[in-house]
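Presented below is the structure to which this report refers.
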Amino acid sequence: HTAARVAPPCGEGEGESKTVAVIGGGLAGLACAKYLVDAGASESCLWMPRGHKPVVLEARDRLGGKVSAWQDEDGDWIETGLHIFFGAYPNMMNLFSELDIEERLQWKRHQMIFAMQELPGEFTTFDFLEGIPAPFNFGLSILLNQKMLTLPEKLQCAPALLPMLIEGQKFIDLQDERSTLEFMEKYGMPDRINTEVFIAMAKALDFIDPDKLSMTVVLTAMNRQVHDEGWLLQGNQTLRLCEPLKEYIEARGGEIRCGVPLDSIVTEEDGSVKHFLMRGGEVVTADEYVTTVPCDIMRRILPRAWSTMPFFRQIDQLEGIPVINIHLWFDRKLLNVNHLCFSRSPLLSVYADMSTCCKEYYDEDKSMLELVFAPCSPLAGGSVNWIAKSDEEIVEATMTELERLFPTEIGSHLPGGGAKLRKHAVVKVPRSVYAAIPGRNKYRPSQETPIKNFTLSGDWTSQKFLGSMEGAVLSGKLAAEVIACKAAGQPTQGLKEIEPHILSQSFEPRDP
Ligand code: FAD
């Protein structure tokens with residue numbers, strides 16, 4: 001699936017150049033448009049049509065979706081989420097190299113840094129040794145860490161990890177029916193693996209607790225995602241990634257429009273797309289149509305004519321998970337850790353001092369922490385519906401947690417009252433990545449759909465990575481591939497199989 005078949009070989013059935021309307025200017029929509037303008041275009045073959053002609057239609061006034069960022073009245077950047085790129089994101093790394101912007105990634109040492117639960121203010125690391133392939137490097141990093149688990153506890157993990165080493169991805173995929181806790185119980189893993197490692201990983205990977213999270217997600221991360229070094233972008237993604245994508249697409253005949261929300265997908269008698277109706281009344285027609293909106297929005301806008309089709313009703317099984325991203329500006333510098341940290345606090349997931357980690361936000365004197373607050377609703381495993389609380393309540397709860405994480409720097413018990421919070425920004429994402437609870441993978445639909453001129457994309461659609469930036473880019477590339485192959489008269493990968501119990505149901509028609 002990672003194969004970049006998007007540009008058909010020069011001279012071989014290049015087909016016509018198609019106009020393509022793409023809804024959503026997040027990473028999936030922008031990647032889809034980028035590979036559409038690339039498809040069929042070849043520097044060594046200038047007589048060929050220069051790719052397809054996408055127009056990206058984004059509802060908001062800025063690009064990026066879940067990676068979007070904007071400036072407050074002081075000019076400080078507010079990001080939708082703290083994002084880490086992994087070297088093991090092949091499609092994302094290719095994209096950086098194709099856009100010639102690789103220097104914008106800031107390399108971070110290949111390690112995971114955990115706050116010590118019993119020793120507030122102290123950290124311990126899982127160090128990944130160079131040259132050791134995944135998932136052995138993950139196992140070895142746990143083995144080498146002396147502070148978190150005892151040797152018998154480490155050895156008790158071996159029976160659970162052996163089948164993954166022997167059977168590989170097949171074993172990993174089968175674990176989607178089990179939660180992380182169920183998997184641990186089946187393989188007799190000690191409880192402390194959960195409290196020491198899995199809670200932190202589950203919250204970082206899908207913003208939920210391990211009793212909710214599919215074990216496939218944890219194993220996929222061990223096998224694929226964290227097996228290479230991590231990177232942060234030098235600054236906000238809107239300017240440093242989305243803008244170069246926009247320039248690239250526009251320079252090759254594509255169009256990007258913001259502030260144009262889709263109202264509805266209007267269908268023909270035969271169920272194919274007639275046009276996109278935008279909220280302002282504008283009618284957008286094209287040869288091909290793509291949506292890259294999150295699964296919850298796709299369910300809402302599904303046209304009545306498609307609502308009885310099992311392919312689209314798979315989406316009923318998928319749901320976005322809430323998460324909150326917090327920025328805290330302090331009056332002084334806190335602990336100097338130049339890396340992403342796993343907080344291992346009940347309320348918080350990962351965080352980073354961006355004034356130290358990130359070139360654009362660098363400040364020698366004052367810290368700016370960016371923190372992911374999760375789980376933040378009962379759906380995600382928490383007991384409090386934080387997403388419905390006020391910003392002030394969320395910041396207060398976060399500061400209480402930070403007193404524990406930074407005991408020598410934050411707290412009113414300290415002489416002078418400790419570090420003072422200068423200002424804060426809270427970004428709530430009520431529906432972020434799809435909830436990777438057990439048994440969901442099989443319902444993620446392929447990019448190709450049963451509708452002849454409609455293709456789906458978005459991080460939640462079927463691709464071998466989790467709901468992530470890499471997943472979004474790959475899904476956009478796969479959607480472009482479907483359209484490019486159809487235009488060139490080449491075979492596509494086909495529709496993904498639908499579960500028999502969905503196929504056998506009869507669905508009542510539903511209005512959007
Ligand atoms: P989106 O970004 O949601 O894009 C969909 C777009 O569609 C949006 O721009 C939206 O405005 C638009 N849209 C919606 N409705 C309409 C409409 N009616 N008309 C027109 N446009 C519409 N991933 C990682 O790999 N690493 C990380 O460290 C990481 N951390 C994260 C932290 C947080 C707090 C969050 C929220 C996410 C994080 N992710 C991370 C996940 C990553 O951001 C997403 O998986 C990815 O950005 C999704 O891209 P997408 O294009 O599929 O969807």
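Since we're looking at a predicted model, the values are computed, not measured. Every number for a ligand or one of its atoms is a count from 1 in the order of the listing.
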Worksheet item: Should I256 and L245 count as side-chain neighbours, where that means a heavy-atom distance under 4.5 Å?
Response: no

Practice prompt. Just let me know how P294 lines up against ligand 1, side chain, backbone, both or neither, with a heavy-atom cut-off below 4.0 Å.
Written response: side chain

Practice prompt. Considering only NZ, NE, NH1 and NH2 on the basic side and carboxylate oxygens on the acidic side, decide whether E448 and K496 come within less than 4.0 Å.
Written response: no

Response to the item:
Quick note on ligand 1: atoms under 4.0 Å from a heavy atom of G467 include exactly 45 (O)

Worksheet, complete the sentence: M298 and I265 have their tightest heavy-atom pair at CE-CD1, 4.2 Å

Practice prompt. Say whether G64 and ligand 1 are in contact under the criterion: heavy-atom distance to a ligand atom below 4.0 Å.
Written response: yes

Fill in: salt bridge (Lys or Arg N to Asp or Glu O under 4.0 Å) pairs, two or more places apart, involving residues 274-295
R257-E282, E288-K486

Practice prompt. Indicate yes or no: does D206 engage R440 in a salt bridge with an N to O separation below 4.0 Å.
Written response: no

Worksheet item: Which of the atoms of ligand 1 are close to V433, meaning less than 4.0 Å from one of its heavy atoms?
Response: 41 (C), 45 (O)

Item to complete: Using the six-membered ring wherever Trp is involved, compare the ring planes of H327 and W329 and label them parallel, tilted or perpendicular (cut-offs 30° and 60°).
Response: parallel

Worksheet item: Looking only at N/O atoms, are D459 and ligand 1 under 3.5 Å apart anywhere?
Response: yes

Item to complete: Check each heavy atom of T80 against ligand 1 and say whether those closer than 4.0 Å belong to the side chain, the backbone, both or neither.
Response: backbone

Discussion item. Using a 4.0 Å cut-off to any heavy atom of G24, which atoms of ligand 1 qualify?
Written reply: 6 (C), 7 (O), 12 (C), 21 (N)

Worksheet item: Looking at V67, which atoms of ligand 1 are within less than 4.0 Å of one of its heavy atoms?
Response: 43 (O), 47 (O)

Discussion item. Side chain or backbone, does E58 bring an N or O within less than 3.5 Å of an N or O on ligand 1?
Written reply: yes

Worksheet item: Is ligand 1 under 4.0 Å from a heavy atom in the side chain of F207, in the backbone, in both, or in neither?
Response: side chain

Worksheet item: Nearest non-hydrogen atom to atom 36 (C) of ligand 1 belongs to which of V427, V473, V323, V56?
Response: V323

Worksheet, complete the sentence: Of all heavy-atom pairs linking C32 and A479, the shortest is SG-CB, 4.1 Å

Discussion item. Does ligand 1 come near enough to N325 that some N or O of the ligand is less than 3.5 Å from an N or O of the residue?
Written reply: no

Practice prompt. Decide yes or no for Y248 and V37: does some side-chain heavy atom of the first lie under 4.5 Å from some side-chain heavy atom of the second?
Written response: yes

Response to the item:
Quick note on ligand 1: atoms under 4.0 Å from a heavy atom of A472 include exactly 48 (C), 49 (O), 50 (P), 52 (O)

Discussion item. Which option wins on minimum heavy-atom distance to atom 19 (N) of ligand 1: D206, L57, L262?
Written reply: L262

Discussion item. Any heavy atom of G458 closer to ligand 1 than 4.0 angstrom?
Written reply: yes

Worksheet item: Of all the atoms in ligand 1, which lie at a distance below 4.0 Å from a heavy atom belonging to L82?
Response: 28 (O), 30 (N), 31 (C), 32 (C)

Discussion item. Heavy atom to atom 5 (C) of ligand 1, shortest distance: which of D296, I297, T292 holds it?
Written reply: T292

Worksheet, complete the sentence: Partner of E401 under side-chain contact (heavy atoms from CB on, under 4.5 Å), picked from I410, L371, L347, is L347

Worksheet item: Just heavy atoms, cut-off under 4.0 Å: does R60 contact ligand 1 by side chain, backbone, both, or neither?
Response: side chain

Worksheet item: Would a distance-only check, ignoring hydrogens and angles, find a side-chain to backbone donor-acceptor pair under 3.5 Å from T19 to A286?
Response: no

Worksheet item: Any side-chain heavy atom of K477 sitting closer than 4.5 Å to one from N94?
Response: yes

Worksheet item: Any idea how F312 and W306 line up, ring-wise: parallel (<30°), tilted (30 to 60°), or perpendicular (>60°)?
Response: parallel

Discussion item. Is there a polar contact, in the sense of an N or O pair closer than 3.5 Å, between I84 and ligand 1?
Written reply: yes

Discussion item. Do L82 and L340 have side chains that approach each other closer than 4.5 Å (heavy atoms only, starting at C-beta)?
Written reply: yes

Item to complete: Using distance alone, determine whether L27 and ligand 1 share an N or O pair under 3.5 Å.
Response: yes

Practice prompt. Run through E98, H52, E481 and flag the one making a side-chain hydrogen bond (donor to acceptor under 3.5 Å, both in side chains) with Y35.
Written response: E98

Discussion item. Could you work out, for atom 21 (N) of ligand 1, the closest of G26, A59, C32, S475 by heavy-atom distance?
Written reply: A59

Worksheet entry | Per-residue contact class, V372 against ligand 1 - non-hydrogen pairs under 4.0 Å | neither

Practice prompt. Number the atoms of ligand 1 from 1 as they appear, then name those within less than 4.0 Å of a heavy atom of V293, with their elements.
Written response: 13 (N), 14 (C), 15 (N), 16 (C), 22 (C)

Item to complete: Classify the contact between Y89 and ligand 1 as side chain, backbone, both or neither, using a heavy-atom distance cut-off of under 4.0 Å.
Response: side chain

Discussion item. Give the atom numbers and elements of ligand 1 that come within less than 4.0 Å of a heavy atom of G65.
Written reply: 2 (O), 8 (C), 9 (O)

Worksheet item: So, are D316 and R313 salt-bridged, with charged N and O less than 4.0 Å apart?
Response: yes

